[in-house]
There are 2 protein chains.
Amino acid sequence: MSKPRSRRGGGRPTIADVARKAGVGAITVSRALREPGRVSEDLRRQIQAAVAELGYVPDPNARALASARAEVFGVLVPSLTNNVFAEVVRGIYDSLSDSPFRIQIGNTHYSGLEEERLLQVFGSQRPAALIVAGIDQTPSARRLLENAGCPVVQVMETGPDPVDMMVGFSHFDGGRTAAEHLLEAGYRKIGFIGARMDPRSQRRLAGYRAAMEAAGLFDQRLITTTPVPSSVSLGRELFRDALAKMPTLDGVFCNNDDIALGVLFECHRASIDVPKQIGIAGFNDLDMMQVSFPSITSVRTHRYEIGTRAVAMALAAIAGNRPEQRIVDLGFELMRRESTAR
Amino acid sequence: MSKPRSRRGGGRPTIADVARKAGVGAITVSRALREPGRVSEDLRRQIQAAVAELGYVPDPNARALASARAEVFGVLVPSLTNNVFAEVVRGIYDSLSDSPFRIQIGNTHYSGLEEERLLQVFGSQRPAALIVAGIDQTPSARRLLENAGCPVVQVMETGPDPVDMMVGFSHFDGGRTAAEHLLEAGYRKIGFIGARMDPRSQRRLAGYRAAMEAAGLFDQRLITTTPVPSSVSLGRELFRDALAKMPTLDGVFCNNDDIALGVLFECHRASIDVPKQIGIAGFNDLDMMQVSFPSITSVRTHRYEIGTRAVAMALAAIAGNRPEQRIVDLGFELMRRESTAR
DNA sequence: CAGACAAATGGTAGCGCTACCATGGAGAGC
DNA sequence: GCTCTCCATGGTAGCGCTACCATTTGTCTG
């Protein structure tokens, strides 16, 4: 009885304070903030003034509790430092920066189990939407997604069986396109070099293989992979391994651009002429690919757009008009450059 | 009266369900989950069983509301894609992955105003701790940090006047060390090339300038900078500008490694011998610096450790034993490589 | 063996907000 | 004039959890 108010709260103004100051009911303040159209202009102005004067900021936790829905987008990616996912995440952030939605990122470390665990944690918050990288969820992760009770967007690649919605492109086609390009350019002994062979890399490899088999040039010994995380220095090492295994190699399609750059550097170091002796193609088309000497052919992917598009679809679904096109293929673009211009 | 329970909640089990099943009070369940030591082993086991059977996951929103404290670390960085911050964030994630704390990242886009806005938003959630990049907060952002009511760690650099705690290193010293190294190696006309000249880059520039002035070799025309975001291709362009302005340039200290790589590529392209004609030094020591041909001298910074250390300090402060050393200087290391070995 | 005290457990009352259902008054239709 | 709708607003009752204060039991002290 002694301290009827703000016993535990840090003394921050609450919606009741605003209501009192504006001379209206708390619920009207709540409405004025969330659905301004439903409150008369007079009151809306008074309320805005009271909010500004008190410096009132709604408590998202109380909001989430009362409405059984948090204004949070859950985002699950396998890596925080891999530029590819960083770009997707940046697209998500930029698209959401002016909305009331917060973002919660989970790092799965390329682990299905970790993904399940994070999905469990995220689910407990009743997020407004979930964006997850990849389409290879474990059965139980998939069940969690299906029962999340919110829009779900799988990003980075497309596939036949979306949980809900999808934005990405075909890694298989990307891999095949790169390999076909190398073949057209006249290379014959084209190796595949890949680190951190996640499911997307596996599909790029499958695409490469399809192209090589179609040309009657496939050979298991052309493939050099490792589960170790990708890096430029690893690219160099893998290339040396590949060359040791198959000295007549005349081209390489790399899993990603870091690897490709490592290959290029090793060629410099070993005085291997690119593109005359060896042709190099990468994947993702990082900025540096066009600047390197020689510039490196790469498959450009639209990572930032994947992020923005995923958010747009989720937002539409939240608003009630789920896009009729549930699978969006953003494609890719082969950037032909000096490294494959024989 | 018709539906006394779970009117709004999605039917998820609540703490009351667990309590009923375990035959105990709700508060005991709460305690068993948060402070197991305070509950007898018998009950703890029963409760654990009930939790497992029901698949109960505590609602973090209700928790935050009731305890006036969310189990959230707020993290503010200027960029999501810049590898430097991505590494720090990765350190933070890894250190927190086994804790109950969630992470909320804000992207300030190098804007003080945006930082203020995000601090406002984060503050409304009563985070358990705040980690912010840099020491150049606006006065009002600083006030928000001081009144946040939780541990605050400023990361990336050290300075004289922490809001609370600090982990980083001296960018000024880093810049000076790199410049001094170039001088010792015999370079004289050493340019400074920098993109996105944020406060940390400014201090590196100041360090470079101090070294050059001490040697009596400073010249304003040696400096080429731009506020444009950094990239490898920009490094190439800036280097061409620098060379046009000062054709007798015989060395460059680059703001960061992306720029340095761009410079190296341009040297390849223009048949400028590195390190004979031009010496190159970068900053941060990304993996590729040691692989490039020639390998590039760079100032290695401990970004991942900055993240882990910041979390450790915040966690200690939350636990009540604030570290006596409030400013932690993790230093840096000059990696001498071929690009400056004249 | 009373009294003090700690340890283990539970009841009650909110945290700040919104869903749900009233309420009152303005306008529409007969 | 009267009912009927619709709109703007408000009251009440929680959302799921924990802080605070009992209450009970067991254990130690003198």
Side-chain angles (χ1 to χ4, degrees), chain A residues 1-20 22-47 51 54 56-71 100 123-126 128, chain B residues 1-20 22-47 51 54 56-71 100 123-126 128:
Chain A
M1 293 292 127
S2 49
K3 274 184 174 181
R5 289 189 47 234
S6 75
R7 186 161 50 97
R8 300 195 288 213
R12 247 175 276 266
T14 73
I15 202 168
D17 298 325
V18 176
R20 208 170 305 123
V24 300
I27 198 82
T28 306
V29 175
S30 174
R31 268 198 286 260
L33 262 29
R34 290 177 303 139
E35 312 166 87
R38 290 192 48 194
V39 174
S40 70
E41 204 179 317
D42 271 13
L43 286 192
R44 213 186 311 152
R45 246 200 300 275
Q46 285 176 50
I47 291 169
V51 164
L54 293 172
Y56 169 72
V57 182
D59 181 332
N61 298 119
R63 226 174 219 192
L65 183 58
S67 65
R69 179 59 65 216
E71 291 186 317
S124 71
Q125 296 184 63
R126 305 157 190 222
Chain B
M1 293 291 126
S2 50
K3 275 183 174 181
R5 291 190 46 235
S6 76
R7 185 163 50 97
R8 301 194 286 212
R12 247 176 276 268
T14 73
I15 201 168
D17 298 324
V18 176
R20 208 171 304 121
V24 299
I27 199 85
T28 306
V29 175
S30 175
R31 267 198 286 263
L33 262 27
R34 290 177 302 138
E35 312 165 89
R38 292 191 48 193
V39 175
S40 71
E41 205 179 315
D42 272 14
L43 287 191
R44 215 187 309 154
R45 246 199 301 274
Q46 287 177 49
I47 290 169
V51 164
L54 293 172
Y56 169 72
V57 183
D59 181 333
N61 298 118
R63 226 172 220 194
L65 184 57
S67 65
R69 178 61 66 214
E71 291 186 317
S124 70
Q125 296 184 63
R126 307 160 190 220

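Please read all numbers here as calculations on a predicted model, not as lab measurements. In what follows, chains are A, B, ... by sequence order, proteins preceding strands, each numbered from 1.
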Exercise for review: Would you mind reporting whether A:I15 and A:P58 have side-chain heavy atoms less than 4.5 Å apart?
Suggested key: no
Point to revise | Heavy-atom check, side chain of A:R12 versus side chain of B:R126, under 4.5 Å | key: yes
Review point. Where the side chain of B:T28 meets the backbone of B:V24, is there a donor-acceptor pair that is under 3.5 Å apart?
Key: no
Revision key, fill the gap. Quick note, A:P58 side chain, CB onward, closest among C:dC17, C:dG16, D:dT18 is C:dC17
Point to revise | Interatomic distance where CZ belongs to B:R63 and P belongs to D:dG16 [whole Å] | key: 15 Å
Sort me out a list of protein N/O and nucleotides 8-10 of chain D N/O pairs below 3.5 Å, or just none if empty.
from   : atom 1 : to    : atom 2 : distance (Å)
D:dT9  : OP1    : A:S40 : OG     : 2.8
D:dT9  : OP2    : A:S40 : N      : 2.7
D:dT9  : OP2    : A:S40 : OG     : 3.4
D:dG10 : OP1    : A:G25 : N      : 3.4
D:dG10 : OP2    : A:G25 : N      : 2.9
D:dG10 : OP2    : A:T28 : OG1    : 2.3
D:dG10 : N7     : A:R31 : NH2    : 3.0

**Study point:** Whole-Å distance separating the CZ atom of B:R44 from the C1' atom of C:dA8
**Key:** 12 Å
Exercise for review: Check the distance between C:dG16's C1' and A:L54's CG and give it to me in whole angstrom.
Suggested key: 15 Å
**Study point:** Nearest-angstrom distance from the residue atom CG of A:L65 to P of D:dT18
**Key:** 12 Å
**Study point:** A:S40 side chain to A:R44 side chain, donor-acceptor N/O pair below 3.5 angstrom
**Key:** no
Check your understanding: How long is the gap from CZ on A:R63 to OG on B:S124, to the nearest 0.5 Å?
Key -> 9.5 Å
Review point. Out of C:dC17, C:dA19, D:dC17, which has the shortest distance to the side chain of A:R34?
Key: C:dA19
Practice item. Look at atom CD of A:E41 and say whether more than 12 heavy atoms of other residues, nucleotides or ligands are closer to it than 6.0 Å. Key: no
Check your understanding: Atom CZ in A:R20, atom OG1 in A:T14: separation rounded to 0.5 Å?
Key -> 6.5 Å
**Study point:** From C:dC15, D:dT18, C:dC17, nucleotide with atom closest to B:I15 side chain
**Key:** D:dT18
Practice item. Take atom CG of A:N61 and atom P of C:dT18, then tell me their distance rounded to the nearest Å. Key: 12 Å
Practice item. Go through C:dG16, C:dT18, D:dT18 for me and flag the one nearest to the A:T14 side chain. Key: C:dG16
Study note, to complete from the structure: Here the distance between atom P of C:dT18 and atom CD of A:E35, to the nearest Å, is 10 Å
**Study point:** Atom pair distance, as rounded to whole Å: CD in A:Q125 and P in D:dG16
**Key:** 15 Å
Check your understanding: Over how many whole Å does the gap from B:R126 atom CZ to D:dA19 atom C1' extend?
Key -> 14 Å
